[in-house]
**Q** 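Below is one structure. I have some questions about it.
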Amino acid sequence: MLFVSCAMCLHASEPGTSQPPGLIDSCRYTDDAAAQAAWRPMEGTAPVSMVTSDGCPALRMPCNFSGTKIVRASWDRHGEIDLSECSGIRFEMRCPNIFPVSDFHIYFESGAGWYTTSFSLESTTAWNTIIIDKSNTQIEGKPAGWDKVRTIRISAWCGGGIDTELLLSNIICVGVLGGDATVAILRADSVATAQPGELGSVTSFAESMGKMLRAQGIAYAMLSDLDATRECLAKARLVILPYNPAIPDAALDSLTTFLEHGGKLMTFYGLHPRLVPLVHIETGNYIAQKAAGQFAALKFEAGALPGAPPVVGQRSWNIIETLPVPGASRVLAEWIDAQDKPSGHAAMVGSSNCIAMSHVLLTDNGVNKQRLLLAMVGQLVPAVWQQAAAAGIAQIGRIRGFSGFDDAVATIPRLTRGNRPGVADAIHTAKQLRGQAQKLATQGHHAEARDVSGEAARRLLDAYCQAQGPMAGDEFRAFWCHDAYGVEGMTWDAVIKQLADNRFTAVFPNMLWGGSASYFSKVLPQSPTLAQHGDAIAECVAACRKYKIQCHVWKVCWNLGGSAPEDFVLRMRAEGRLQMSSDGAESLWLCPSHPANQKLEIDAMVEVARNYDVDGLHFDYIRYQGLEHCFCAGCRQRFELARGSALTLWPNDVLPGGSARAEWLEWRRSHITAVVKAVREQVHTFKPQVKISAAVFGNWSDARDSVAQDWKLWCERGYLDFVCPMDYTPSNAYFTNLLRNQQWLTGHVPFYPGIGASATNPALGTDGVIEQILSTRSEGTGGFIIFNLNQSVMRELLPHLGQGISAAK
Ligand SMILES: [Zn+2]
């Protein structure tokens with residue numbers, strides 16, 4: 001009997017039927033005792049039990065946070081699992097109230113360490129499918145490889161003293177080689193010991209390769225070069241080396257066998273000499289660019305790589321020459337420079353069993369780049385075109401808040417306020433295109449089906465965006481912009497005009513740091529870019545006045561951020577003004593308890609208000625780095641002076657459990673608060689209309705101690721005119737819960753929640769940003785601010801918002 005009562009059960013194995021491949025734990029135990037034997041609670045955590053939810057058996061994990069001191073509820077499932085041949089795992093989870101949970105984490109114990117990552121739940125009313133990607137995990141300690149996982153741990157970190165519960169079901173492997181995946185990424189984990197400096201790049205290029213494959217619907221397994229055996233590679237059709245500065249001998253042996261038996265290879269930025277004769281592609285010299293823009297795009301020979309765009313932008317800064325072997329391989333694409341002139345260097349070379357690119361695959365030029373990757377994989381493994389076409393069709397209508405295509409086309413027209421004929425047209429076109437894509441796919445025209453389904457998805461997203469409407473009253477609509485000079489390739493005038501055209505009301509440009517200014521400052525060292533590009537505030541403010549947009553100048557406090565001139569850093573060091581950790585390591589942040597540092601922060605902000613016609617001053621990094629800072633000699637001296645007596649044990653007296661701990665935390669807060677207060681008071685003596693605001697951590701109770709950021713107090717005392725909590729999360733449920741909490745923390749002071757358009761993983765996307773804007777409206781915040789204004793936001797997000805949610809009334 002196969003009984004399906006909800007989507008979740010589709011993945012489950014029924015009693016008496018065989019287990020689906022890759023199943024780790026269905027979480028369907030016969031009784032509580034069996035469940036408790038498998039899942040062990042951490043000390044203080046309540047045991048699991050079996051429940052039925054929507055007709056499906058599930059594991060109940062109680063998070064009893066009220067009246068206890070536990071920092072997390074946590075359960076361990078012991079048992080050896082080999083996750084070496086997959087891309088990660090998937091499970092179903094439900095949590096009716098995520099408000100008391102600050103963070104969900106999963107951990108995989110292996111050897112003397114752990115692989116770990118956080119995850120979030122989008123919905124509190126339905127089951128969530130969570131995908132954990134191995135390439136997106138961090139390492140704690142010294143794990144011995146994904147083949148030696150012996151514990152899976154799930155933790156809900158306490159964020160509030162209220163009880164809640166998790167329901168868990170169907171833990172299953174995804175991207176299983178020989179199962180759903182024929183493509184393997186080989187990650188160069190061996191560099192961790194051989195070349196530790198390369199680990200960051202190795203991890204990041206493997207991760208971005210995985211993300212791009214997934215976006216194209218290509219299932220892949222993430223393998224480690226530490227345990228890639230012949231048997232394992234034999235299950236793959238294609239192996240990708242995304243960035244492998246070294247390959248261990250054993251992995252080279254496996255790759256050799258793989259290629260000798262008809263396996264295909266895709267390789268980036270160099271090729272190991274042992275592989276050269278097997279793939280008939282050679283490599284030459286390392287070449288750094290002579291000037292920026294020398295390697296600006298890949299230009300393909302007509303027909304050389306079917307399905308690839310003719311030109312794909314990629315701003316590379318160096319290459320390793322990649323050369324064809326006459327008669328055995330050919331140049332597929334050449335690098336062209338920023339003026340579209342040929343550079344004379346091959347960008348991509350192909351043979352019958354390999355495609356080699358002379359640099360790594362960067363993530364710039366997103367859609368085009370993904371299409372290029374699909375064409376590369378499709379050339380070597382034609383079957384992926386079918387996978388990609390099916391995934392493309394399934395993707396149409398996958399818009400946040402809708403269960404799928406049918407739901408989206410039925411519901412979107414009902415969202416429309418007023419007369420928006422474009423919505424019906426766009427839906428009609430999307431439907432037609434979807435039908436066309438399905439037809440093309442059944443005829444075997446997979447590349448075309450993929451293109452048409454992409455267009456259908458874009459039309460439906462257009463319809464969704466156009467169906468939105470503006471808020472009835474006034475709304476504060478803002479962007480943070482991290483670059484003092486705005487958006488690359490545009491003037492401030494052009495940027496601000498576009499913001500105004502899409503009816504945004506304010507911009508927050510980052511004009512000053514702890515030790516540098518992008519304007520003619522007499523207080524802070526001037527940024528080296530100033531001589532070249534001119535006064536950034538002057539240019540931005542002029543544009544803002546012209547288009548009637550508010551300008552709130554954003555300051556990164558304390559943090560020198562690599563932009564302070566060397567002589568300034570040397571002087572700060574000599575004067576004992578830099579922060580020290582408890583174990584004596586210096587960091588390039590100014591010490592907040594040093595009176596001269598406070599004065600510098602205050603004077604810089606006041607100078608901006610005095611010299612420019614700004615609407616506001618905006619604090620960022622208005623906090624300590626963390627609990628481990630600052631323990632400089634000056635901090636000790638000033639703390640002892642403030643309390644009127646010497647400490648006997650430094651720093652133990654102020655560390656957790658120390659006799660002066662509470663006093664110490666309060667003293668830290670006093671320095672941060674003093675700066676906010678002083679700026680407010682001084683600026684308001686001469687320009688009372690200038691608004692003072694701050695970007696703050698969303699979780700106030702945590703931030704108050706950990707980074708001394710007491711923004712609730714700043715609101716109560718009237719130091720801030722409004723506050724912008726950085727509520728960056730891909731989960732709208734969590735976002736909404738944050739807003740409810742912040743509502744009472746801020747009291748009468750307005751708060752404009754920060755939406756992390758480019759700061760969440762997975763990325764929010766246009767639909768995710770719209771969903772969160774709608775939440776700010778339903779919670780009545782009166783506005784929002786989005787991070788971060790850049791080229792892709794200008795191109796994609798902003799016009800989509802302007803179509804509906806920020807449209808003219
Ligand atoms: Zn200090």
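Counting begins at 1 with the first residue of the sequence. Since this is a predicted model, take the numbers as computed values, not measurements. Counting starts at 1 for both ligands and their atoms, in listed order.
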**Q** So among Gln598, Arg577, His629, Arg638, which one has a side chain to side chain contact (heavy atoms under 4.5 Å, CB included) with Cys591?
**A** Arg638
**Q** Decide yes or no on salt bridge (charged side-chain N to carboxylate O under 4.0 Å, His left out) for Glu779 and Arg740, but give the supporting numbers first.
**A** CA-CA 7 Å; Glu779 298 305 316; Arg740 289 179 187 157; 3.1 Å; yes
**Q** Do NZ/NE/NH1/NH2 and the carboxylate oxygens of Asp613 and Arg545 come within less than 4.0 Å?
**A** yes
**Q** Return the orientation label for the His105 and Tyr107 ring planes: parallel under 30°, perpendicular over 60°, tilted otherwise.
**A** parallel
**Q** In terms of the angle between their ring planes, are His618 and Trp554 parallel, tilted or perpendicular, with boundaries placed at 30° and 60°?
**A** perpendicular
**Q** Closer than 2.8 Å to the Zn ion (ligand 1), how many protein N/O/S atoms do you count?
**A** 4
**Q** How are the rings of Phe508 and Phe722 set to each other: parallel, tilted or perpendicular (split at 30° and 60°)?
**A** perpendicular
